[in-house]
Amino acid sequence: MSRFNIENKVAIVTGAGSGIGEGIAKTYSQAGAKVVIADMNQAGADRVVNEIKQAGGEAIAVMMDVTNEDQVNAGVAKTVSTFGGVDILVSNAGIQHIDAVDELDLANWQKMLAIHQTGAFLTTKACLKEMYKNNKGGSIIYMGSVHSKEASKLKAPYVTSKHGLLGLCRVVAKEGAEHNVRANVICPGFVRTPLVDKQIPEQAKTLGISEQEVIKKVMLGETVDGEFTTIQDVADVALFFAGFETKALTGQSLIVSHGWFIE
Ligand code: NAD
């Protein structure tokens, strides 16, 4: 048996209908886990489920807006009735919003905090209730960002939200330990997903530079190799945290950024 084994574990991945979450769900499935594609985008979730099934894996889609407590609880209940429990939560669903603080609408600020922070809280709460049963335990992984550690202009609600996830993770690590629950944060640099593709023209416009300059200078300028972080880079770390057997790493965050930010 290999180390970092998650075979037959049940994993809920939010925002798995696209991008990083999709990559994590597929990587978990290849490692033998049963995966739940939790997303508010039905078409994306259905596509990922079909692809996993075609590759021989087990997966279901649950429709969930992570800011809606009833939908989150229903999604976790469906997971439990289908697969018998939940062992791994990857709280990954997220969006981006670009604006300077003095131009930022309250509604956009609140929406960002709702998805990233309230969504993480609601999914954590629902999964902990399952993981605490008989102290069965599990792994809770938050999708932070280099922006959990570092700021960039124009991203106040994102940077605030991602910093906050470090705090939630640390509390869950301390409260969950006696029930064998572990918690971690993954902090990726720029990964070429729809979320990032959307930002390139937006940032070019706001900063008054070309799209190529946004990529080369703003996104990759501080990396050691001028490379985007890949979805697989992030998924491999998600596999490592999910399969890490002891509590030695609980509460910790790991930056995955090709040297953009080193601490
Ligand atoms: P993406 O746009 O490719 O995928 C995000 C998914 O989340 C989509 O399928 C979307 O439908 C879903 N989603 C959005 N709001 C939701 C909600 N309220 N409820 C349920 N699902 C919702 O984006 P991505 O780049 O894969 O981002 C995934 C996570 O990774 C986000 O938390 C993001 O902040 C984080 N992240 C991304 C990068 C990057 O460079 N792409 C870097 C660091 C961190």
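No hydrogens, no waters, no symmetry mates; every other heavy atom, side chains included, goes into these values. Order of appearance sets the numbers: ligands from 1, and atoms from 1 within every ligand.
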Checklist entry - What distance do Ile20 atom CD1 and Thr27 atom OG1 have between them, rounded to the nearest 0.5 Å? => result 11.5 Å
Checklist entry - Which ILVMFWY residues can you reach from Val159 by hopping between side chains whose heavy atoms are under 4.5 Å apart? => result none
Checklist entry - How close do Ala235 and Gly23 get, heavy atom to heavy atom, and via which atoms? => result CB-O, 3.8 Å
Please table the atom pairs, donor to acceptor, closer than 3.5 Å between any side-chain atom in residues 137-147 and protein atoms at least two apart or in another chain.
| from | atom 1 | to | atom 2 | distance (Å) |
| --- | --- | --- | --- | --- |
| Tyr142 | OH | Thr124 | OG1 | 2.7 |
| Ser145 | OG | His147 | N | 2.8 |
| His147 | NE2 | Ser152 | OG | 2.6 |

Under 3.5 Å: N or O atoms of ligand 1 paired with protein N or O:
| from | atom 1 | to | atom 2 | distance (Å) |
| --- | --- | --- | --- | --- |
| ligand 1 | 3 (O) | Ser18 | OG | 2.7 |
| ligand 1 | 9 (O) | Asp39 | OD1 | 3.4 |
| ligand 1 | 9 (O) | Asp39 | OD2 | 2.6 |
| ligand 1 | 11 (O) | Asp39 | OD1 | 2.6 |
| ligand 1 | 18 (N) | Asp65 | OD1 | 3.0 |
| ligand 1 | 19 (N) | Met64 | O | 3.4 |
| ligand 1 | 19 (N) | Val66 | N | 3.0 |
| ligand 1 | 25 (O) | Thr193 | OG1 | 2.5 |
| ligand 1 | 26 (O) | Ile20 | N | 2.8 |
| ligand 1 | 32 (O) | Asn92 | O | 2.7 |
| ligand 1 | 32 (O) | Lys162 | NZ | 3.0 |
| ligand 1 | 34 (O) | Tyr158 | OH | 2.6 |
| ligand 1 | 34 (O) | Lys162 | NZ | 3.1 |
| ligand 1 | 36 (N) | Tyr158 | OH | 3.4 |
| ligand 1 | 40 (O) | Val191 | N | 2.6 |
| ligand 1 | 40 (O) | Val191 | O | 3.3 |
| ligand 1 | 41 (N) | Val191 | O | 3.1 |
| ligand 1 | 41 (N) | Thr193 | OG1 | 3.2 |

Checklist entry - How far does NZ of Lys129 sit from CG of Asn73, to the nearest 0.5 angstrom? => result 8.5 Å
Please tabulate, for the side chains in residues 248-258, all donor-acceptor contacts under 3.5 angstrom to protein atoms that are two or more places apart in sequence or on a different chain.
| from | atom 1 | to | atom 2 | distance (Å) |
| --- | --- | --- | --- | --- |
| Thr250 | OG1 | Ala183 | N | 3.0 |
| Ser253 | OG | Lys149 | NZ | 2.6 |
| Ser257 | OG | Trp260 | N | 3.2 |
| Ser257 | OG | Phe261 | N | 3.2 |
| His258 | ND1 | Asp225 | OD1 | 3.3 |
| His258 | ND1 | Asp225 | OD2 | 2.7 |
| His258 | NE2 | Asp233 | OD2 | 2.9 |

